[in-house]
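Every chain is numbered from 1 and lettered A, B, ... according to where its sequence line falls, protein lines coming before strand lines.
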Amino acid sequence: MIKKILIANRGEIAIRVIKTCNALGIKSVAVYSDEDVNSKHVKMASEAYHIGAASPSQSYLNMEKIAETTIISGADAIHPGYGFLSENAEFADLCEKKKINFIGPSGKSMRLCGDKMECKDVMIKAKVPTVPGSLGIVEEVEKALDVAHSIGYPVLLKSVFGGGGRGIRLVHDEKELREAFEIASGESKAAFGKSALFVEKFLPKIRHIEFQLARDKHGNAVHIFERECSIQRRHQKLIEMSPSPVVDQKIRDEIGEIAVKAAVAVDYHNAGTAEFLRLDDGSFYFIEINARLQVEHPVTELVSGLDLVKLQIDIANGQEIPFKQKDLKVNGCSIECRINAEDTFLDFAPSTGKIFDVNIPSGPGVRVDTYLYPGCTVSPYYDSLMGKLITWGQNFEEARQRMTLALSDFYIEGVETAIPLYQTILNSKEFISGDLSTDFLDRFKILDRLRDDMKKEASGKSEAALAATLIHSEFLKNRIKSHKEHSVRWKTQVDRH
Amino acid sequence: MIKKILIANRGEIAIRVIKTCNALGIKSVAVYSDEDVNSKHVKMASEAYHIGAASPSQSYLNMEKIAETTIISGADAIHPGYGFLSENAEFADLCEKKKINFIGPSGKSMRLCGDKMECKDVMIKAKVPTVPGSLGIVEEVEKALDVAHSIGYPVLLKSVFGGGGRGIRLVHDEKELREAFEIASGESKAAFGKSALFVEKFLPKIRHIEFQLARDKHGNAVHIFERECSIQRRHQKLIEMSPSPVVDQKIRDEIGEIAVKAAVAVDYHNAGTAEFLRLDDGSFYFIEINARLQVEHPVTELVSGLDLVKLQIDIANGQEIPFKQKDLKVNGCSIECRINAEDTFLDFAPSTGKIFDVNIPSGPGVRVDTYLYPGCTVSPYYDSLMGKLITWGQNFEEARQRMTLALSDFYIEGVETAIPLYQTILNSKEFISGDLSTDFLDRFKILDRLRDDMKKEASGKSEAALAATLIHSEFLKNRIKSHKEHSVRWKTQVDRH
Amino acid sequence: MLDGKHKWIGIDMKFKLENTDENLDGEIVKSVGNNEFVLKIQGKERDLKVITMTHDKVEFMLDSVYHITKYLENSTNRITLVIDGVKLTFNKRPDMDKIVYKHSGSDSAADSQINLKSQIPGRVVSINVATGDNIKKGDVVCVLESMKMQISIKSHKDGIVKSMKLKQGASVAKNDVLAEIE
Amino acid sequence: MLDGKHKWIGIDMKFKLENTDENLDGEIVKSVGNNEFVLKIQGKERDLKVITMTHDKVEFMLDSVYHITKYLENSTNRITLVIDGVKLTFNKRPDMDKIVYKHSGSDSAADSQINLKSQIPGRVVSINVATGDNIKKGDVVCVLESMKMQISIKSHKDGIVKSMKLKQGASVAKNDVLAEIE
């Protein structure tokens with residue numbers, strides 16, 4: 001049985017894992033880079049060890065150092081979080097070699113999930129529907145052109161090593177495909193020593209719907225409903241929810257069963273996610289399995305009542321999943337907004353720096369997973385996710401209203417965030433009616449609407465702002481004139497008590 | 001339909017009501033005394049009006065001023081919260097006269113609930129079981145002695161005007177009863193112009209279990225399960241939970257039905273609470289109806305998924321309750337700890353002052369309703385409830401664990417709180433096994449255990465504290481020696497970024 | 001008019017709200033004590049009550065509505081602030097000085113005085129009149145910069161500029177005589 | 001021993017934990033740079049790394065465990081602090097001075113010097129020796145109060161007190177000569 005877990009991660013997910021460790025009476029071990037000595041996960045863990053310089057390759061990606069620290073600290077297991085080493089099969093193997101319980105699937109299963117083409121192959125054999133495209137990787141541009149010709153343009157050129165929206169190129173004709181192939185092939189060779197590209201049909205107006213999975217080492221497997229993650233920018237998720245407005249119980253049962261089949265096909269054990277594309281005609285295509293806890297796992301927790309990190313630990317302990325598929329019922333609706341440090345109007349470029357002030361919303365049905373505290377730092381070395389705002393309601397509308405209210409309570413001073421963008425999205429009639437797709441932002445010109453909304457908001461506050469500025473100018477002037485004379489006058493009411 | 005609500009209250013409950021107003025798109029109007037200009041409810045409301053001096057009688061109890069402010073602000077309804085005017089029938093009548101929608105029962109119904117003896121009489125007629133005692137108020141001490149003799153000592157001498165633990169005296173024999181009667185009668189006359197006392201059998205080792213009720217103006221009535229509120233000090237609740245460990249579905253149905261019957265008997269409409277005592281033999285006795293939202297309503301919200309303030313507003317709008325008894329299912333378990341500003345070791349005496357720092361816990365299944373923010377003030381003019389920490393879990397054990405973790409995250413600097421006491425209670429085997437009663441603290445000598453726990457805790461941290469003190473002394477010394485010389489050395493890591 | 005004890009100076013502020021065509025105009029009408037003021041915003045009287053105020057923050061009630069304002073930038077040409085979580089920027093109106101002092105003399109008997117005194121310490125940005133000029137009450141005599149804001153100092157009376165006591169770029173202290181006007 | 005550059009003075013602190021029978025004893029062994037120190041607590045060596053430090057707060061890692069300490073009271077007889085949310089009070093041990101300076105001279109060549117200098121500014125609480133006394137290295141010469149803590153100043157060498165430069169209640173500055181010992 002696991003007694004002490006080293007968390008090979010940082011930020012909000014490290015904190016999330018520590019919370020479950022605490023709840024289970026398991027000791028938690030944090031690791032931190034030079035950049036993170038002040039980070040909240042260090043403060044919250046039972047113990048914390050320094051593992052290297054700020055650059056991820058020298059700290060959070062340093063497999064040997066992390067394995068060594070695990071042994072030094074006396075931890076018997078590693079939770080990888082998401083990102084970093086979470087889907088690194090070599091690391092899973094290393095843990096196995098060192099007799100560290102890696103909280104995730106086996107290296108073999110992970111390799112299968114990670115190799116998109118091999119995985120697709122396995123899925124086709126398991127009769128899981130997949131997106132039309134090349135059967136395996138294409139090494140030659142001519143082969144890619146053949147495939148594209150047979151399935152029809154536009155097509156996506158993807159790298160096997162991509163993920164999270166990286167390494168995907170949309171091409172509309174032969175000329176674009178030739179160009180893209182050359183560049184992508186070069187990139188892939190430079191990064192991984194080989195070109196590993198594949199071609200897939202580009203599907204218009206698609207939804208991204210994924211199923212939460214769990215499978216234990218005894219072969220028990222369940223799905224824990226779907227998540228709709230169609231609101232994206234540059235193929236990266238911004239808003240997720242469960243349930244999806246286009247999934248009823250019948251579809252849930254049907255696609256959920258396919259998702260479980262996928263997990264069985266790669267002999268997966270751990271909590272995981274099967275990602276699907278859904279077309280406007282209602283058909284679903286399997287894309288891939290994410291062999292780890294997802295960023296958006298809280299929406300599933302809120303509608304299922306489960307603690308997915310606990311479930312991961314139970315499975316790693318060799319226990320059986322303590323419930324059956326029929327025990328699981330969707331309770332209400334949950335929405336998550338990712339609170340990234342990025343500038344919406346600079347094409348979502350990262351925005352880093354010190355957080356001077358932060359107000360974290362709370363209240364009925366509001367959950368916030370975050371590493372933010374006043375005085376903390378958003379580092380340029382790591383990804384821009386500062387936290388997640390998750391709301392729950394008895395139905396979509398209640399969850400949505402709670403989200404808009406919580407968003408207006410979420411104040412972060414020091415970096416730019418997409419909070420105003422989320423307000424515009426959450427209040428749009430298209431979002432309310434559930435007309436979602438991965439190109440939602442472009443299709444409805446959301447950024448233009450955001451600009452209008454922001455103008456309106458500024459306009460609505462301008463008179464109050466002018467009033468404040470008049471009085472504040474007087475104050476500044478009087479402060480110059482005489483500190484003493486007016487100090488009593490401007491003494492705050494708080495001080496009075 | 002209600003469009004704008006004036007909240008005739010302050011503190012956490014005013015904020016709670018504002019949150020539902022926001023969710024429903026209803027404008028909220030705050031009122032504040034001199035003492036509260038900096039309070040959070042003032043900042044959060046759509047509008048806020050000053051209503052008088054700090055003393056409640058000059059502000060939050062000033063009926064005319066509040067009614068007048070309602071009209072000036074254009075509000076069409078008043079939410080009274082709990083305490084203050086919430087159970088003042090005269091105020092409900094005043095609202096009716098001024099055509100303000102009072103979010104609560106009618107004055108008539110409230111009078112019936114407030115007059116404990118008349119209410120008891122009605123209940124006996126409606127065949128609701130009540131505690132053995134005098135049938136009506138006893139004006140003469142001899143009458144009280146007769147009743148005590150017939151039901152047997154010890155007995156409780158209670159004031160009709162009491163509430164929340166006030167005006168209750170335990171007497172063990174004739175002599176004590178004579179003395180207590182004289183004092184209580186005098187107090188009652190001084191405060192209310194008449195002596196209105198009654199005698200009730202003192203029941204040992206009782207649990208306080210109450211049922212949440214809702215009844216609309218069309219006569220539809222439901223109960224929304226029970227709350228166990230047995231952990232008390234001086235007859236005031238400290239910890240509440242739903243469900244109760246001694247209530248199964250059969251008892252819930254049975255006593256819930258009696259509770260509904262009680263609401264019907266007094267023609268109640270609004271959300272409300274029927275309070276019962278439960279004896280060790282499993283029998284329940286009705287005590288009274290609380291004709292308002294309870295402090296502890298969140299535990300019911302978390303296990304039912306309902307928003308009780310919304311339900312109150314719907315009922316005040318004349319709408320029908322949008323669900324039936326059979327639609328309601330207990331989902332998981334919820335526990336609430338009241339975060340009072342009081343000193344456990346000074347017999348829970350109030351502790352007031354400025355809050356220098358506060359950390360509000362968050363995370364899965366954690367809800368905090370509070371008015372606290374760093375820099376706010378806990379005023380001696382009002383009650384000591386600063387907030388409520390509520391956790392939810394799939395079962396009691398998960399809710400309890402989440403509570404202990406959240407309690408350790410709840411840091412309040414500036415006043416004393418019962419947080420350490422709650423840790424001792426939550427971790428006691430008696431609480432875990434559900435062996436609850438209103439004399440829990442005395443029965444298990446919890447304060448002695450708390451002292452031991454605090455010693456152990458201090459002992460466990462003493463070496464780290466000494467280490468800190470060594471280094472800190474060096475720092476202070478060096479700071480004196482030379483600010484400049486060492487400033488770089490002690491520069492915080494945060495500043496480095 | 002202005003609360004005598006605190007010598008409130010009627011500032012007239014004119015801004016343009018960035019990214020919009022909205023022009024804004026406001027002034028402090030009077031102080032009514034207890035941190036409460038009457039303002040005129042876009043020609044309409046509004047009541048303002050200050051709750052707390054620091055060098056970069058104002059918490060206040062405007063006609064019974066609570067607001068919190070934090071100043072991020074307060075430079076010569078623009079003021080950027082966050083109000084109730086909404087960021088907005090005021091730009092100086094190109095057609096006029098951002099801040100026009102309606103009253104330059106501090107005394108009600110200003111008309112009879114010769115000396116035009118500075119109410120504030122500041123740096124002389126520009127001198128707009130010369131000795132011998134015939135000027136009217138309200139004409140801009142000079143512009144001072146203080147706390148990163150430009151403030152036009154206007155004549156307190158009709159008259160002839162007898163002498164100017166200023167040099168461009170120089171600093172003036174509070175109560176320094178700026179000019180003599182007879 | 002002590003990091004020469006920073007002149008760490010080995011403080012030996014002895015406390016009693018209030019409400020318990022627990023006696024505590026600790027000292028700083030050395031500074032190893034990068035805000036890291038070796039301490040001896042209850043006779044055992046511990047590694048401490050300072051994360052942040054202010055006048056009333058210390059955040060640190062002790063043997064890889066994070067702690068945060070806030071000082072509420074730091075008076076002559078007691079120190080009250082909150083560590084990781086737990087409040088505790090250290091009392092001065094009745095059997096000895098709360099803080100005993102193991103080293104009073106700042107130089108390693110202290111033995112050859114005549115002058116006993118003060119490392120700290122402070123107020124003279126008591127004078128424990130008189131001119132002509134024959135004293136040993138480590139004997140308490142006087143007690144100073146600084147930052148609300150009493151600090152015993154001990155002789156840096158064996159010798160005879162040639163002169164005392166102190167008055168009770170007077171203030172001394174850093175590097176002031178307290179006594180001459182020959």
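Heavy-atom contacts from other residues, nucleotides or ligands closer than 6.0 Å to OH of Tyr411(A) number more than 12. More than 12 heavy atoms of other residues, nucleotides or ligands shown are found within 6.0 angstrom of NZ on Lys40(B). Phe323(A) CZ: more than 12 foreign heavy atoms inside a 6.0 Å radius.
In terms of non-hydrogen atom pairs under 4.5 Å with chain B, the most contact-rich of Lys310(A), Arg367(A), Gln401(A), Arg16(A) is Arg367(A).
Residue Ser304(A) touches chain B through its backbone alone, counting heavy-atom pairs closer than 4.5 Å. For Asn359(A), no part lies under 4.5 angstrom from a heavy atom of chain B. If you measure heavy-atom distances from Leu306(A) to chain B, the contacts under 4.5 Å come from both the backbone and the side chain.
The stretch residues 382-396 of chain A places Trp392(A), Gln394(A) near chain B, each with some heavy atom under 4.5 Å from a heavy atom of that chain.
The nearest pair of heavy atoms linking Leu405(B) to Lys19(A) is CD1-O, 4.0 Å.
Atom OG1 of Thr20(A) sits about 7.5 Å away from atom CZ of Arg402(B), to the nearest 0.5 Å.
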